[in-house]
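Since we're looking at a predicted model, the values are computed, not measured.
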Number of protein chains: 2
Amino acid sequence: MLKRLSKYIKKLNTKKKTTIKDIANVLNISIAAVSKALHDDSRISKKTKKAVKQVAKNLNYQPNHLASALRKGKSKLVGVIVPRTNSNFFSSVIENIEEVLNKEGYNIIITQSNESFKKECDNINTLLFTQVDGIIASMANETIDLEYFEKIKAKGIPLILFDRGENDLNVDYIGINDYDSSHKIVEHLVNQGCKRIAHIGGFKRTRIYNNRIRGYMDALKKHNLPLDNELLIESNLTIADGKEKMLELLKLKKRPDAVYVASDYAALGALQALKDKNIKVPQDIALVGFGDEPFTALVTPSISSINQHSAEIGKQAAQVFLSYTKVKSVKQTLNKIILEAKLVIRESSNTNII
Amino acid sequence: MLKRLSKYIKKLNTKKKTTIKDIANVLNISIAAVSKALHDDSRISKKTKKAVKQVAKNLNYQPNHLASALRKGKSKLVGVIVPRTNSNFFSSVIENIEEVLNKEGYNIIITQSNESFKKECDNINTLLFTQVDGIIASMANETIDLEYFEKIKAKGIPLILFDRGENDLNVDYIGINDYDSSHKIVEHLVNQGCKRIAHIGGFKRTRIYNNRIRGYMDALKKHNLPLDNELLIESNLTIADGKEKMLELLKLKKRPDAVYVASDYAALGALQALKDKNIKVPQDIALVGFGDEPFTALVTPSISSINQHSAEIGKQAAQVFLSYTKVKSVKQTLNKIILEAKLVIRESSNTNII
DNA sequence: TTTTTTTAGTTAAACGTTTAACCTATATTT
DNA sequence: AAATATAGGTTAAACGTTTAACTAAAAAAA
């Protein structure tokens, strides 16, 4: 064996990678035995297993994932599609998906749609082409046509949506209770004495923004505040949008005394507009954002916001995917997991402390 | 053919995926012909090509990437390792790497080290296991032991580092000129009339932070400013670190009149500390950050910073990788690409405008 | 007409695993 | 002692492509 080994040791210096065939040759056993030994199959003796593992180490053997994936029909790869990774929310969701899936031997391929429908379709094609075993996604703002997502389902590949989902699409979903979150915000602002509460929201067609808008309207009704159409604005919720829409609100004859913005980024823009116009926050106008991005705690005044439990969403999404891989029965009830969000009150809406 | 096709059309409803074998059966030709037709091989007639593509479409054929990757020995996957995706810098670099590589048929697998050496090693193992064709990485702060990176090189897999690299490691590198950037900052501060310039930097062992520190010291010398050791602080450069180290600087008997922080995040923390202590920025103390993260333009006062050309870095890194796949000759000179950074002057260091 | 060239394929092996089915020698049971 | 079980493997096919090497028929050249 030693002679055979030393012959193979030379191989280390060449480019060619070590395969189980090499190990089999060194030990003069079949490749099947090697494969089984590496997987601790019960039909291989301890002695052989030990020898195989030793040789594998010596030859610096690295299993060929492609080969086993092809044979087993499983790539052990999960695709993740997010609008962008550069928000703390998505970055944290991804981190937690990765953590849970890595433990089970899965790797993730992260792709960004940049909020573009076309890019999202490309991403889906790419992931299907790469033979991922499942897809976890949060939809782009633009997306209305669900054909591509249907395609995933049609192929029998588990699809789990989080945060940005769609009511029409019959898939697993993990998100927070947007409707209730709006209620919490409005209630808080009412408690602060606000009477004219505006909402800079996202577009109604997107499930989460629709829910936030409905929650906002129903909450106003509940607290006997009149619903004024000029106080409800739809937008893309970028920083620039927040600034622009806030300036529009400030032009109204009857200004709002509070603004609830459906995204922290837009809230940051709105805050800049308020500062530019020398309007005191929260005394003149109170401000609440959404998402609890770290910077909300760092700007002056700090911005009240809704914590979306990003870590929890990531973990649950991964778990739902794993449940598909474990259960043999194809028929499985869909998971619709709605987490309760938490309102974090900061300076921008707290008139008591100041 | 129609009869055969309709027989196969049923297959669409089953789980089994369509393969080139199915297409071959429908048209009664060999699978080799199908493979060639799909790749527009010159030895296949136009008629056959057309027929093959039509049937492929009808059967909803999707090439099995694993099979072709195994056969060709190329996974068409590139691994990307970054400390975290949630800064604009890394997110932008990644976006641009992806854009360039996608055009050439490559996909990327993004992994995060979370600045942990152990996680980084795990990431490398994972990527090697997944048979990536190359790795583009920015090292974790913690990393000193380069063994794992050597391993990549040893396997003959192209390794390209960006931003956080290492002088000792003989690999391709793309980054900005940190040394010069420090010079630009110091020069600017001197022009603003500052005479006691402090530096909250990263750890010297990391190449980029070392260069920034050296640049800072040499620039002081050049402008005949004394180098005071208590004005040079090493840290991890988190937001909290920035705040803490700034408070330390404020405790000095002889306070600085300007602080150059080696990261925007730490600069943000520093700014909070200054605000808490009611110190006017830039009048009492001027502040400059590093990285040109979007929030630097949005806080009050806005923070001057260094733009690192993230898009350019991403594109170049991808190009360097591609150069390995195209050139046959193994011997290739290493690329060390150093981009010139740009100082963006904002309120935090601009005494003229105020 | 015969030979050569071109066209349009076909055959079969290979990529590195996994796994169902089979086999043989030894140990155990009856 | 014969029958059965168990341990420890081996053989060969399969996963879905790609590709080098071969071939048959038709077209062009001689």
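- Rounded to whole Å, the distance from CG on B:Leu38 to C1' on C:dG9 is 15 Å.
- Taking the side chain as every heavy atom from C-beta outward, A:Ile160 and A:Ile174 approach each other to under 4.5 Å.
- The backbone N or O of B:Lys118 sits less than 3.5 Å from a side-chain atom of B:Ser116, completing a donor-acceptor pair.
- Here A:Asn96 pairs with A:Lys315 under the side chain to side chain donor-acceptor pair (under 3.5 Å) rule; sequence neighbours left out.
- For NZ of B:Lys151, the number of neighbouring non-hydrogen atoms (other residues, nucleotides, ligands) closer than 6.0 Å is greater than 12.
- What separates CD1 of B:Ile31 from P of D:dG16 is a distance of 11 Å, to the nearest Å.
- Phosphate contact (OP1/OP2 of D:dA7, side-chain N/O of A:Ser42, threshold under 4.0 Å): absent.
- Qualifying ring pair (Phe, Tyr, Trp, His ring centres under 6.0 Å) partners for A:Phe117, counting only residues two or more places apart in sequence or in other chains: none.
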Pick out the pairs of N or O atoms, protein on one side and nucleotides 22-28 of chain D on the other, that lie under 3.5 Å.
none

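- Residue-to-nucleotide contacts include a donor-acceptor pair under 3.5 Å from the side chain of B:Lys36 to the base of C:dT10.
- Whole-Å rounding puts the B:Leu70 CG to C:dA13 P distance at 17 Å.
- Under the 3.5 Å distance criterion, the side-chain polar atoms of A:Asp41 are matched with a main-chain donor or acceptor of A:Arg43.
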